[in-house]
Amino acid sequence: MASNEFNVTIDEFDRASICIIDDNKINLDIIRAILSADKAYIIDCFLDPIEALNACKETQYDIIIVDYQMPKMTGIDFIEDIKVYESYKLVPKIMVTADKERNVRISAIQAGATEFLNKPIDPIEIQIRIKNLLELREAQLKLSKRAVFLSKQVDDANRRLLAAQEEMIFRLANAIEMRDNDTGEHIARVASISRFIAEGLNLSEQVCQIIQIAAPIHDMGKIGIPDAILKKPSSLTKDEWSVMKEHTRIGGRLLSHGDSDLLKVARDIAMYHHEKWDGNGYNLGLAGEEIPLSARIVAIADVFDALCSQRPYKKAWPLNKAYSEIEKQSGIHFDPKCVEAFKKSWDRIVKIY
């Protein structure tokens with residue numbers, strides 16, 4: 001890691017910006033004159049606190065100096081109002097006051113004041129306080145920049161890891177589908193349709209992505225089904241069908257005990273994607289929301305693509321006929337909300353065929 005990745009350089013910070021608010025022009029000119037002796041500061045002065053608040057929307061100041069007694073709002077009010085701006089929550093705020101009452105100072109501290117200056121202003125004191133607070137501000141910016149940099153590094157690492165997991169899962173799913181005489185296009189389409197449905201349900205981007213990545217191994221358990229059954233070109237006997245149905249249990253076992261969200265979702269999909277909304281699916285006979293949402297989503301994508309795909313024992317259905325079947329099975333085989341999300345994504349689904 002380069003040492004300057006998260007440091008604030010001198011060029012970035014050598015012109016600290018200071019915002020001064022005081023309704024008394026003489027006081028404003030005095031503070032400006034004292035601080036202008038140091039050429040390192042860019043100073044903006046405001047007689048009107050409302051105008052200053054509006055300026056803070058457009059300009060990021062490094063220090064705020066505000067008078068306590070003003071006609072439109074007090075310095076405490078100003079400090080309270082500026083905290084609404086996220087970028088000003090940690091900016092040092094100095095309150096100038098002739099009032100030495102304890103309750104005023106306590107209220108100012110509660111509002112977010114960092115320091116106090118008493119009137120009349122002592123030139124040496126204000127210069128020292130500004131210098132100290134700018135050092136604090138510089139350290140704060142360095143920490144903030146470091147946090148952003150490290151967060152980006154973590155995000156990049158997570159993206160690379162997820163991409164690697166996605167590639168491994170897709171290759172594994174392709175190997176499984178090749179045993180089932182499939183070209184691999186089925187798993188790609190199921191993954192895409194599953195994502196469309198998840199997005200139609202307004203699930204988060206992270207959840208949509210995980211479902212899309214996990215969907216291709218919905219038939220993971222077929223790895224444990226004998227070729228004589230898996231590749232049989234005609235209809236299965238009752239006993240053969242009982243064996244075939246075990247692929248959900250096998251897939252669930254193979255994917256169990258994973259720690260990552262991806263493996264947990266993949267396990268749910270493999271285990272439950274043949275359950276039905278009305279409870280007449282297999283192998284556990286779960287119904288309604290007992291079935292994990294990820295499995296309910298993939299169930300629609302899997303059935304729809306199976307209907308639209310040619311098999312040794314059947315012809316491919318036209319898209320509109322398959323659509324009608326999904327619609328007809330709403331509330332029977334499929335979760336009605338997932339069916340609505342499927343229908344909402346219809347134009348996108350048609351494009352992948």
D22 versus N24, side-chain donor and acceptor atoms under 3.5 Å: no
Identify whether the distance between the nearest side-chain nitrogen and carboxylate oxygen of D29 and K25 falls below 4.0 Å. yes
Mark yes when over 12 heavy atoms from residues, nucleotides or ligands other than D259 sit less than 6.0 Å from its CG; otherwise mark no. no
With a 4.5 Å heavy-atom cut-off, do F334 and K328 have their side chains touching? no
Consider only side-chain N and O atoms of H218 and D302, and report whether a donor and an acceptor are under 3.5 Å apart. yes
Would you compute the distance between atom CD1 of I18 and atom CD1 of I43 and round it to the nearest 0.5 angstrom? 5.5 Å
Take E340 and K343 through the test salt bridge (charged side-chain N to carboxylate O under 4.0 Å, His left out) and record every step on the way to the result. CA-CA 5 Å; E340 288 305 310; K343 291 163 65 176; 3.3 Å; yes
Walk me through whether R189 and I349 qualify under side chain to side chain contact (heavy atoms under 4.5 Å, CB included). CA-CA 9 Å; R189 291 191 295 263; I349 291 170; over 6 Å; no
Charged N to carboxylate O under 4.0 angstrom, D347 versus K351? no
List the steps, then state whether side chain to side chain contact (heavy atoms under 4.5 Å, CB included) holds for V66 with I82. CA-CA 11 Å; V66 60; I82 204 169; over 6 Å; no
Approximate separation, where rounding is to 0.5 Å, of M220 CE and T248 OG1: 14.0 Å
Nearest 0.5 Å please: distance from the OG atom of S345 over to the CD1 atom of I197. 7.0 Å
Connected via hydrophobic side-chain network under 4.5 Å: L134 and I126: yes
Thinking salt bridges, do D23 and K72 make one under a 4.0 Å N-O criterion? no
Q60/S87 under side-chain hydrogen bond (donor to acceptor under 3.5 Å, both in side chains): CA gap, chis, key distance, verdict: CA-CA 8 Å; Q60 180 62 56; S87 62; 2.7 Å; yes
Begin with the C-alpha distance, continue with both residues' side-chain angles, and end with the deciding distance and a verdict on ring-ring contact (aromatic ring centres under 6.0 Å, His included) for Y353 and F304. CA-CA 12 Å; Y353 286 86; F304 178 79; 5.7 Å; yes
Output yes when E325 and K321 qualify as a salt bridge under the 4.0 Å nitrogen-oxygen rule, no when they do not. no
Donor on one side chain, acceptor on other, D239 and S242, under 3.5 Å: no
Rounding to 0.5 Å, atoms NE2 (H274) and CG (N283) come to a distance of 9.5 Å
How many angstroms lie between atom CG of D81 and atom CD1 of I76, to the nearest 0.5 angstrom? 12.0 Å
Output yes when E199 and R348 qualify as a salt bridge under the 4.0 Å nitrogen-oxygen rule, no when they do not. yes
Validation row: Y61, V91 side chains within 4.5 angstrom (heavy atoms): no
Find out whether P292 and E275 are in side-chain contact, i.e. whether some heavy atom of one side chain is under 4.5 Å from a heavy atom of the other. no
Heavy-atom side-chain contact between F46 and I20 under 4.5 Å: no
Tell me if the CD atom of Q206 is crowded by more than 12 foreign heavy atoms within 6.0 Å. no
Is the NZ or CZ atom of R105 positioned over F116's six-membered ring, under 6.0 angstrom from the centre and within 45° of the axis? yes
Heavy-atom check, side chain of R267 versus side chain of R253, under 4.5 Å: no
How far apart are the C-alpha atoms of D219 and H247, what are their side-chain angles, what is the distance that settles it, and do they pass the side-chain hydrogen bond (donor to acceptor under 3.5 Å, both in side chains) test? CA-CA 7 Å; D219 279 335; H247 81 276; 3.1 Å; yes
State, with a plain yes or no, whether a side-chain heavy atom of D62 is found less than 4.5 Å away from one of Y41. no
Any chance you could measure I34, atom CD1, to E125, atom CD, to the nearest 0.5 Å? 10.5 Å
Under a 4.0 Å threshold between the charged nitrogen and the carboxylate oxygen, would K245 count as salt-bridged to E240? no
Any side-chain donor-acceptor pair under 3.5 Å between S294 and D268? no
Between K131 and E135, is there a side-chain N and carboxylate O pair less than 4.0 Å apart? yes
